[in-house]
*Asks:* 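What follows is a structure written as structure tokens; I'll ask about it next.
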Amino acid sequence: MPYANENIFAKIIRGDIPSYRVFEDEQTLAFMDVMPQVPGHTLVIPKFPAENLLDVDPDYLAATILVTQRVAGAVKEAFEAPGIMIAQLNGSAAGQTVFHLHFHILPRHDGLEFKLHARDMEDGAVLEAHAQRIRAALDSR
Ligand code: AMP
């Protein structure tokens, strides 16, 4: 399937639709998942048209995974999470629903289950408060 310029993350990169941003540089962007599976669920994407891990330019992949590591550390601190889950889906058969490469960062706590994938929209004020916590943790590093 060719990369679709109208996918929702391409629109977020262009600023055509709003997002709760926690970090960005020339090559990457990190923002809150609007249907979080746990509080603090964050996404990291390359600012480059790649559908998934298998077709991304290696330089952008390297930049994206390094930012994923950095943001994951901030998410861990901001949500006092003993565990961090990184998820990344390739193709609809694997459950991918947005066809622009992204890494999910999910803070995990013992005994706290995560919600179903892409199901319940979170309140904007909650997402902004969570983004602020992660930005503060990034700034303190
Ligand atoms: P995947 O199924 O791995 O492709 O994940 C796509 C993720 O994008 C899901 O977790 C959705 O909740 C999330 N999502 C969909 N639309 C938006 C949006 N406008 N802003 C932030 N996250 C979104």
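Residue numbers run from 1 in the order of the sequence given. One-based numbering, in listed order, for ligands and for the atoms of each.
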*Asks:* Among the heavy atoms of F99, does any lie under 4.0 Å from an atom of ligand 1?
*Replies:* no
*Asks:* Just which atoms of ligand 1 are under 4.0 Å from any heavy atom in H104?
*Replies:* 1 (P), 3 (O), 5 (O), 7 (C), 10 (O)
*Asks:* Once side-chain hydrogen bond (donor to acceptor under 3.5 Å, both in side chains) is applied, what residue pairs with a partner in residues 121-131 remain, sequence neighbours excluded?
*Replies:* E128-R135
*Asks:* Among all the protein's non-hydrogen atoms, which is closest to atom 15 (C) of ligand 1, and how far away is it?
*Replies:* M35 CE, 3.7 Å
*Asks:* Heavy-atom pairs closer than 4.0 Å: do any link ligand 1 to the side chain of L89, the backbone, both, or neither?
*Replies:* side chain
*Asks:* May I ask you to list the atoms of ligand 1 that are less than 4.0 angstrom from any heavy atom of T97?
*Replies:* 1 (P), 2 (O), 4 (O), 5 (O), 6 (C)
*Asks:* Specify the closest pair of heavy atoms between S140 and E77, including all atoms of both residues, with the distance to one decimal.
*Replies:* OG-OE2, 3.5 Å
*Asks:* Do the side chain of E6 and the main chain of K11 share a donor and acceptor less than 3.5 angstrom apart?
*Replies:* no
*Asks:* Looking only at the side chains, is there a donor atom on one of Q27 and D25 sitting less than 3.5 Å from an acceptor on the other?
*Replies:* no
*Asks:* Are L53 and F48 grouped together when hydrophobic residues (ILVMFWY) are joined by side-chain heavy atoms under 4.5 angstrom apart?
*Replies:* yes
*Asks:* Please confirm whether the backbone N or O of P36 pairs with a side-chain atom of R119, one donor and one acceptor, at under 3.5 Å?
*Replies:* no
*Asks:* With no hydrogens and no angle check, is any side-chain donor or acceptor of T28 less than 3.5 Å from a backbone partner on E24?
*Replies:* no
*Asks:* With heavy atoms of M32 as the reference, note each atom of ligand 1 found under 4.0 Å away.
*Replies:* 21 (C)
*Asks:* What part of H102, side chain, backbone, both or neither, has a heavy atom within less than 4.0 angstrom of ligand 1?
*Replies:* side chain
*Asks:* Does the N or O separation between I12 and ligand 1 drop below 3.5 Å for any pair?
*Replies:* no
*Asks:* Shortest non-hydrogen contact from N7 to H100?
*Replies:* OD1-CB, 3.4 Å
*Asks:* How close does the nearest protein non-hydrogen atom get to atom 8 (O) of ligand 1, and which residue and atom is it?
*Replies:* F9 CZ, 3.3 Å
*Asks:* For the pair H109 (side chain) and E80 (backbone), establish whether a donor and an acceptor sit closer than 3.5 Å, ignoring hydrogens and angles.
*Replies:* yes
*Asks:* Under a 4.0 angstrom heavy-atom cut-off, which atoms of ligand 1 come close to L43?
*Replies:* 8 (O), 22 (N)
*Asks:* Which is it for V34 and ligand 1 at heavy atoms under 4.0 Å: side chain, backbone, both or neither?
*Replies:* both
*Asks:* Which of the atoms in ligand 1, numbered in the order shown and given with their element, are less than 4.0 Å from a heavy-atom of G95?
*Replies:* 2 (O)
*Asks:* Out of I17, N52, D33, I8, who gets a non-hydrogen atom closest to atom 12 (O) of ligand 1?
*Replies:* D33
*Asks:* Check side-chain contact (heavy atoms from CB on, under 4.5 Å) between I12 and all other residues, then give those that pass, not counting sequence neighbours.
*Replies:* F9, I17, S19, R21, L29, F31
*Asks:* Which of the numbered atoms in ligand 1 are under 4.0 angstrom from any heavy atom belonging to Q96?
*Replies:* 2 (O), 4 (O)
*Asks:* Are the side chains of I105 and V44 in touch, meaning some heavy atoms are under 4.5 Å apart?
*Replies:* yes
*Asks:* Please confirm whether Y20 approaches ligand 1 to less than 4.0 Å, judged on its heavy atoms.
*Replies:* no
*Asks:* Run the contact test for Q37 against ligand 1 with a 4.0 Å cut-off on heavy atoms, strictly below, and give the result.
*Replies:* no
*Asks:* Can you list the ligand 1 atoms lying under 4.0 Å from a non-hydrogen atom of H117?
*Replies:* 1 (P), 2 (O), 3 (O), 5 (O), 10 (O)
